[in-house]
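The structure appears below as structure tokens.
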Amino acid sequence: MIRTCKNCGGRITFDVQLKALACASCGSTFDVSEFDAEADGYDELEPTKLVVDDTIDCSVYQCSSCGAEISITNTEVSTFCIYCGNPSIVFSRVSKLKKPDMIIPFTVTKEQAMAKVRERIQKGFFIPDEIKNYQIEQMRGIYIPYHITNVEYDASMILSSVHKNNKSSTTYYYKRSAYAHMPWVTTDASTTLSDSSSQRLEPYHMKEAKVFDEDYLVGFYSDASDVMEEDAIALAKRRVKELYDAEMLKSITGSSKKILQHRERAEVYTKPLTAFLPAWFLTFRYKDEPYTIIINGQTGKIVGGVPWNKAKFTSMLISLSIVISLACIMALYFLLPIVFDGSSSRSSSDNNGNLIVAPIAAAIASISAGATKIKRVLKSISRTTASTLTSYVSKRQKGV
Amino acid sequence: MDGFALFFAVILGLPCGIGVALYLTANKLDKSNNFGDSKGDVTSFSPTGIEGKFYQNKVKKNTALDPVRNPAILAEDAKHSQATNSPQAALDNEINNANVSSIQWHK
């Protein structure tokens, strides 16, 4: 689909700032509605009914590195893969994309997205200087296909948590019953983009969604929807349950929180809608590894994991370890004799045992907490390296 | 005693210090290099959030759970129930389940 200027015949694209179609040659602007879809003819069975094609013509390119396919709906030739940054992509075929029901047009311009990313990267203490000085060139806007599912949810559950005081711990039980009407549960409809990445892009403000018009796509890429409706519904129900359970667990105090019993119902009474939601993809390579940063094209939220300066991290860890260890050793050196001298006069051997066990438990807990934290952080950072971003062995598909 | 105390202080203080330092450095790495770790919550997908809250604290472990109270689900259940209990639905059911040869068609 090519849109040309009505005044000079030049190529027009959707201008995010003006929120209109703009001609690069003469500067003319047009509202999106000025280029409404034209009918393809009359329906054979109902001769008085005009038929409008519900598909969009596009060219499909395939990346030779990660295998991702990307659709382009205008005449722009793609020169690199927007997912992994590989410059070797091959034209695959001409195809048709099914038109979605809704679209949220880009409200964050490319320049604004680049500025946000630059500002965020400059603040990163452990981000290598080569990345801080990187010139952002390869940034592309892509409309990601999503399903929007209307879910009615109702649940009742018994939760437990442990409350500790000086001498003992007690388990308390709580009952939580509530319901929720969730008309805009978004789940990404592309197996190319991993769910953990698309969920981190959320939330999108669905109230600003518009009825789909092909002209919003001009100048941007789009991805094909390849998730079945039944899978989308199952995924939406699972997301709602996860969010609801998280809210219920937050509503109780204590530690070791658990859901012991639950009764839930998640119902979907209408067919999920489809929507194109905007995102900017920035890809770059660092030490021959591809990385991707994604920016929500509506809210400007930045999602991604950036390589870290291991030397800087190690030196900070060693310095902190020395300082804090010295402080702990000095504190224990002065406290331990006082504790032992005090406890030797007590008759109870249990108290002696507790006083010895407490610092040992604290030492084990510290190491365990530190190791767990670093493991979680490294896993989170690796979520948007290109290989996990475009994982074809989608973890979602095992659960649906 | 001094040597003993020093020995124990080092044995216990070193892992404490390393553990705390590891936690603090990992926290700083998270803030520095991990962008946008938060996902949406219930209010991201719902204009009204969680409704009809009935919360009870310090209940017994085997307390009975509450039935469904979501008005939309109850309305749909009632509609479905009416549809399956209507005379037409009963007739449809009978036809579907009946042996065809036993149906007598009246001219």
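First the proteins, then the strands, lettered A, B, ... as listed; each starts at 1.
- A salt bridge does not link A:Asp245 with A:Lys250: every distance from a Lys NZ or Arg NE/NH1/NH2 to an Asp or Glu carboxylate oxygen is 4.0 Å or more.
- Of the two parts of A:His262, only the backbone, made up of N, CA, C and O, holds a non-hydrogen atom closer than 4.5 Å to a non-hydrogen atom of chain B.
- Using a 4.5 Å cut-off between heavy atoms, B:Lys28 touches chain A through backbone and side chain atoms alike.
- For the options A:Ala327, A:Cys328, A:Gly124, A:Ser325, heavy-atom pairs under 4.5 Å to chain B are most numerous at A:Ser325.
- Only the backbone of B:Asn62 has a heavy atom closer than 4.5 Å to any heavy atom of chain A.
- Only the side chain of A:Leu260 has a heavy atom closer than 4.5 Å to any heavy atom of chain B.
- Contact annotation for B:Pro67: only backbone heavy atoms (N, CA, C, O) come within less than 4.5 Å of a heavy atom of chain A.
- At a 4.5 Å heavy-atom cutoff, the contact between B:Thr48 and chain A is made by side-chain atoms alone.
- If you tally non-hydrogen atom pairs under 4.5 Å between each of B:Ala72, B:Gly19, B:Ser32, B:Ala26 and chain A, the highest count goes to B:Ser32.
- Between A:Arg239 and A:Glu202, at least one side-chain N (NZ, or NE/NH1/NH2) sits under 4.0 Å from a carboxylate O, which counts as a salt bridge.
- Proximity of A:Ile374 to A:Phe313: side-chain heavy atoms (C-beta onward) are separated by under 4.5 Å at one or more points.
- Annotation: side chain of B:Phe8 is not in contact with side chain of A:Tyr333 (no heavy-atom distance under 4.5 Å).
- The aromatic ring centroids of A:Tyr244 and A:Tyr153 lie less than 6.0 Å from each other.
- By the salt bridge (Lys or Arg N to Asp or Glu O under 4.0 Å) test, A:Glu119 is found to be paired with A:Lys123, residues two or more places apart in sequence or in another chain being considered.
- Contact tally against chain B (heavy-atom pairs below 4.5 Å) for A:Ala371, A:Ala180, A:Ser177: the top residue is A:Ser177.
- Contact tally against chain B (heavy-atom pairs below 4.5 Å) for A:Met182, A:Lys373, A:Arg176: the top residue is A:Arg176.
- The greatest number of non-hydrogen atom pairs below 4.5 Å with chain A, out of B:Ile11, B:Val68, B:Val20, is found for B:Val68.
- For a residue to count as touching a neighbouring chain, one of its non-hydrogen atoms must lie under 4.5 Å from one of that chain's; by this rule A:Glu247 touches chain B with the side chain only.
- The closest side-chain heavy-atom distance from A:Lys301 to B:Phe35 is not below 4.5 Å.
- Considering only heavy atoms from C-beta on, A:Thr171 stays 4.5 Å or farther from B:Lys61 through its side chain.
- Between B:Asn34 and A:Arg120, the shortest heavy-atom distance links the atoms O-NH2, 3.8 Å.
- Contact tally against chain A (heavy-atom pairs below 4.5 Å) for B:Val59, B:Leu22, B:Asn33: the top residue is B:Asn33.
- The candidate from A:Met206, A:Arg263, A:Gln261 with the greatest count of non-hydrogen atom pairs under 4.5 Å with chain B is A:Arg263.
- Contact annotation for A:Ser251: only side-chain heavy atoms (C-beta onward) come within less than 4.5 Å of a heavy atom of chain B.
- In this structure, chain B has a heavy atom under 4.5 Å from the side chain of A:Met248, while its backbone stays farther away.
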Side-chain donor-acceptor contacts of residues 304-311 of chain A below 3.5 Å, not counting sequence neighbours, with atom names and distances?
residue  : atom : partner  : partner atom : Å
A:Asn309 : OD1  : A:Ala311 : N            : 3.2
A:Asn309 : OD1  : A:Lys312 : N            : 3.2

